[in-house]
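A short worksheet on the structure shown next.
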Amino acid sequence: DAKTTQPPSMDCAEGRAANLPCNHSTISGNEYVYWYRQIHSQGPQYIIHGLKNNETNEMASLIITEDRKSSTLILPHATLRDTAVYYCIVTRAGNQFYFGTGTSLTVIP
Amino acid sequence: DAGVTQSPTHLIKTRGQQVTLRCSPKSGHDTVSWYQQALGQGPQFIFQYYEEEERQRGNFPDRFSGHQFPNYSSELNVNALLLGDSALYLCASSRLGGAEVEKLFFGSGTQLSVL
């Protein structure tokens with residue numbers, strides 16, 4: 001499975017959009033991009049996933065570049081409760097999910 | 001609809017002992033994956049069970065073993081505990097082969113401390 005690269009930490013002002021980048025330059029055509037987040041001492045929570053097209057749900061938007069080598073998770077109006085570690089995972093259907101060290105997002109009041 | 005449940009929530013053992021952790025998957029899910037998460041690290045994949053068989057395995061020694069029951073629940077067993085086995089153990093369930101792309105749903109984990 002393709003490996004991912006994420007910045008170790010980011011800050012975002014409350015109420016502003018949080019844009020979390022992920023590089024996955026070795027992604028294969030049948031690999032999906034998933035985003036999970038983990039609030040301290042809890043299990044990771046599914047946020048969103050995509051293959052080629054941009055996706056949006058009630059939690060976030062996922063923007064995947066045309067060459068699929070990178071993506072951005074967008075939290076449109078960050079709140080203090082969005083403070084968490086965010087993991088970008090690339091995997092094909094039926095394969096294990098590899099969690100790196102993620103991006104620690106801190107939302108500042 | 002209950003999500004993924006794990007028991008116990010906390011456990012303290014001593015070196016050399018054995019431990020069993022339990023997981024009940026989300027309703028409608030048939031696959032259980034186990035992860036180990038050390039402090040400050042991301043979850044590391046241990047293994048996955050589907051149809052009562054170990055389907056995939058990560059880079060963990062044979063001291064880590066598991067089982068899946070006909071009702072899809074699962075156990076993780078760790079023998080000859082080491083201090084380095086202290087971690088949060090996470091169970092995730094999913095549904096393989098369904099119409100939707102697989103998504104993992106996680107429990108809250110079991111915090112294991114080895115003294």
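Scope of the values below: all heavy atoms of this structure, side chains included, with no hydrogens, waters or symmetry mates. To find a chain, count down the sequence lines: A is the first, B the second, and so on, and within it residues start at 1. These numbers come from a predicted model, not from an experiment.
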Residues of residues 52-60 of chain B near chain A, each having a heavy atom less than 4.5 Å away: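 Listed by number, the contacting residues are B:R55, B:Q56.
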Is it possible for you to say whether [X] and [Y] belong to one hydrophobic cluster, with membership spreading through side-chain heavy-atom contacts below 4.5 Å?
X: B:L112; Y: B:F47; result: yes
X: B:L88; Y: B:L21; result: no
X: A:I63; Y: A:L20; result: no
X: A:V107; Y: A:I74; result: no
X: B:W34; Y: B:F45; result: no

Does atom [atom1] ([X]) have a neighbourhood of more than 12 heavy atoms from anything else shown, all under 6.0 Å?
X: B:R15; atom1: CZ; answer: no
X: B:Y72; atom1: OH; answer: no
X: A:L80; atom1: CG; answer: yes

Verdict with supporting geometry, B:L90 and A:Q38, side chain to side chain contact (heavy atoms under 4.5 Å, CB included): CA-CA 12 Å; B:L90 294 161; A:Q38 186 173 25; 4.1 Å; yes
With B:Y35, the ring-ring contact (aromatic ring centres under 6.0 Å, His included) member among A:F99, A:F97, A:Y87: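 Testing B:Y35 for a ring-ring contact (aromatic ring centres under 6.0 Å, His included) against A:F99, A:F97, A:Y87 leaves exactly one candidate, A:F99.
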Spatial distance of atom CD (A:Q42) from atom CZ (B:F106) [nearest 0.5 Å]: 13.0 Å
Contact class of B:Q44 relative to chain A, heavy atoms under 4.5 angstrom: side chain
Under 4.5 Å from any heavy atom of chain A - which part of B:Q37: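 Contact with chain A involves the side chain of B:Q37 alone.
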Note, B:Q48 side chain near A:Q96 side chain (heavy atom, < 4.5 Å):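 Contact flag for B:Q48/A:Q96 side chains = no.
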Donor-acceptor contact below 3.5 Å, side chain A:Y34 vs main chain B:L104: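 Flag not set: sc A:Y34 to bb B:L104 has no pair under 3.5 Å.
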Heavy-atom pair of closest approach, residues A:N95 and B:E102: O-OE1, 4.4 Å
